[in-house]
Amino acid sequence: MDSHGRVLERLRSAFSSGITLPEEFRRTQLTQLLSMLRDNEERIIKALHQDLAKPKFESALSEVDIVINELHHAISNITSWMQPEYVAKNLATKLDDCFVRREPLGVVLIIGPWNYPLQLLLVPLVGAIAAGNCAVIKPSEISAATDCLVAELIPKYLSQDCYTVVRGGSEQTKALLQNRFDHIFYTGSQVVARSVVQAASVHLTPVTLELGGKCPCFIYGRINIQAAAHRLLWAKFFNAGQSCVAPDYVLCTEATQKALVPALSTVLEEFYGKEPQKSPDLARIVSDRHFTRLMKLLERTKGKVIIGGESDQDSKYIAPTVVVDVEEDDALMSEEIFGPILPILTVEELEKSIELVNSNEKPLAIYVFSDESSIVKTVMKNTSSGGFCSNDGIVHMTLPGLPFGGVGASGWGSYHGRWGFETFSHRRACMLRGWALERLNGLRYPPYTEDKLKWLRWTTSAQNSCSLM
């Protein structure tokens with residue numbers, strides 16, 4: 001048996017023992033995870049700076065606090081989440097207990113990405129723990145410092161019988177995926193997602209995919225240009241644009257672009273100074289490979305770079321960049337940018353912009369900036385995406401009460417808050433019956449008659465439903 005097999009055998013043995021089922025165990029593990037973050041916040045921030053030069057401000061908000069908020073939400077609500085959900089009954093089941101019971105799936109695999117290497121690894125883990133599962137946690141090797149720190153801390157704070165960290169590159173991940181899991185939760189690229197799904201299909205393992213895509217930002221109608229510039233640029237250049245929910249490109253009219261571009265220039269200087277490369281508030285590209293990919297996109301674009309464009313390969317720095325005169329078939333529109341480059345496409349009619357977005361794969365998020373509620377509602381009604389936010393970017397994913405996930409090519413399934421608990425739970429339909437009303441039950445026994453059929457149809461009709469209890 002290989003090392004992965006031995007690890008899984010240990011976790012399956014622990015799960016089979018029932019150790020993860022009691023609420024108290026789950027609550028204890030969630031509390032321990034909370035302690036891990038609080039005790040090691042400075043180390044976490046340092047590791048994130050090593051990996052991506054993330055500013056402390058961004059790391060604290062998007063990597064530490066968002067997980068802490070998820071933990072508080074889960075700890076506060078786990079009792080109610082675990083309760084059976086009683087359902088409506090008909091006359092034939094009036095004396096029965098009919099309910100949905102949430103049960104853990106078993107041993108799950110969580111594969112994290114490199115762009116938010118802590119948040120996107122631990123938030124799914126919160127759902128898995130709350131639902132009563134054991135878990136194998138696979139951090140991204142690309143964010144090496146965070147990978148190393150997670151591998152050190154998890155065994156110190158969580159039950160080693162129930163939770164384990166597996167490290168390694170793509171080959172180790174492929175080997176890990178050869179094993180049978182009860183659920184796989186993957187966050188990353190669409191290319192790797194296809195390999196994950198293929199490996200999972202061998203064992204008929206259900207999969208949650210948190211991917212990405214090109215998230216558009218519509219800017220139409222009356223608009224507060226200065227406020228829009230601040231919110232757009234913050235969402236776009238947070239983590240140097242390496243966010244799956246970052247606005248990927250802007251759609252607006254020519255007149256709006258003329259008003260927007262000067263505002264973008266002013267706000268960028270306000271954010272990062274006249275020399276952004278010296279700003280401590282701007283992250284860096286994660287690796288040479290990703291830096292090269294982004295620079296090739298800039299080289300191939302037929303658009304005009306009007307802000308930024310500077311770069312330094314040694315420090316993996318790319319200046320916040322705005323490109324205008326971009327067409328639908330431009331290189332910048334050929335793939336998710338995932339970096340600090342913002343193309344602006346001018347489309348005079350909102351309907352044409354909607355058609356352009358709908359002609360491509362469904363994105364993880366759609367943003368609309370407008371003071372006119374009719375425009376916001378038109379875009380929301382006539383498009384499809386994982387999430388939707390008006391007059392801001394990214395912030396919708398910070399609320400535990402909202403599901404976070406994609407649709408179609410941008411992802412399968414969702415999580416955060418109750419939605420994460422549901423993702424890692426099996427909803428078991430339960431009916432507890434006694435021996436009462438046997439005369440009524442006799443209506444379904446042979447020999448069949450028309451009268452029996454008539455009465456049985458009446459007693460089982462949804463129109464004759466009873467109260468939940």
Side-chain angles (χ1 to χ4, degrees), residues 48-55 58-59 62-63 113-117 119-120 140 142-143 187-192 210-217 231-251 264-265 267-268 271-272 275-324 326 330-345 360-361 363-365 367 393-394 397 410:
L48 292 164
H49 193 270
Q50 285 181 250
D51 289 330
L52 292 136
K54 281 197 185 194
E58 293 187 4
S59 292
S62 67
E63 300 274 14
W114 53 261
N115 59 326
Y116 292 89
Q119 178 213 139
L120 298 180
S140 172
I142 296 174
S143 46
T187 304
S189 72
Q190 294 175 359
V191 173
V192 177
E210 298 297 338
L211 309 177
K214 295 184 74 63
C215 302
C217 180
R231 296 185 187 188
L232 172 64
L233 293 180
W234 176 81
K236 175 62 181 179
F237 297 118
F238 194 93
N239 198 31
Q242 298 166 116
S243 304
C244 56
V245 288
D248 191 90
Y249 61 98
V250 169
L251 293 161
L264 296 179
S265 181
V267 171
L268 278 173
F271 280 4
Y272 306 116
E275 298 181 78
Q277 189 172 358
K278 295 181 180 179
S279 171
D281 300 324
L282 192 62
R284 295 297 187 262
I285 306 306
V286 71
S287 68
D288 289 330
R289 182 169 68 88
H290 288 86
F291 176 90
T292 300
R293 180 187 65 82
L294 288 166
M295 292 310 299
K296 284 183 178 178
L297 285 177
L298 269 182
E299 290 168 7
R300 289 165 49 208
T301 183
K302 294 178 182 178
K304 180 181 179 182
V305 175
I306 56 167
I307 299 174
E310 301 85 9
S311 64
D312 176 58
Q313 185 162 6
D314 289 340
S315 62
K316 296 189 282 293
Y317 164 79
I318 297 177
T321 299
V322 178
V323 186
V324 298
V326 176
D330 193 87
L332 291 172
M333 297 298 292
S334 64
E335 61 182 85
E336 182 180 6
I337 293 173
F338 221 69
I341 303 167
L342 180 65
I344 300 178
L345 285 72
N360 297 301
E361 297 285 4
L364 187 56
Y367 304 110
I394 295 182
M397 69 162 291
S410 59

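Throughout, numbering of the chain's residues begins at 1 and tracks the sequence.
- Interatomic distance, Phe237 CZ to Leu282 CG, rounded to the nearest 0.5 Å: 8.5 Å.
- Atom CG of Asp51 sits about 11.0 Å away from atom OG of Ser287, to the nearest 0.5 Å.
- With Thr301 contributing its side chain and Leu297 its backbone, the two residues share no donor-acceptor pair below 3.5 Å.
- At least one donor-acceptor pair closer than 3.5 Å links the side chain of Asp330 to the backbone N or O of Lys302.
- Considering CG of Leu52 and CG of Asn239, their distance stands at 5.5 Å, rounded to 0.5 Å.
- Of the possible donor and acceptor atoms, none in the side chain of Gln242 sits under 3.5 Å from a partner among the backbone N and O of Asn115.
- Side chain to side chain, Ser243 and Tyr116 meet the donor-acceptor criterion of an N or O pair below 3.5 Å.
- We find the OH-NZ distance between Tyr249 and Lys214 to be 7.0 Å, quoted to the nearest 0.5 Å.
- Residue Cys217 holds its SG atom at 11.5 Å from CZ of Arg231, rounded to the nearest 0.5 Å.
- When atom types are taken as modelled, the side chain of Gln119 and the backbone of Glu63 share no donor-acceptor pair closer than 3.5 angstrom.
- Contact detail for Pro113 and Ser143: the closest heavy-atom pair is O-OG, 4.3 Å.
- The line from CE of Met333 to CG of Asn360 is 6.5 Å long, rounded to the nearest 0.5 Å.
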Distance-only donor-acceptor pairs under 3.5 Å for side chains of residues 305-320, two or more places apart:
residue : atom : partner : partner atom : Å
Asp312  : OD2  : Ser315  : N            : 3.1
Asp312  : OD2  : Ser315  : OG           : 2.6
Tyr317  : OH   : Gln277  : N            : 3.3

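- Counting only distance, with no hydrogens or angles, the side chain of Tyr367 and the backbone of Ile394 share a donor-acceptor pair below 3.5 Å.
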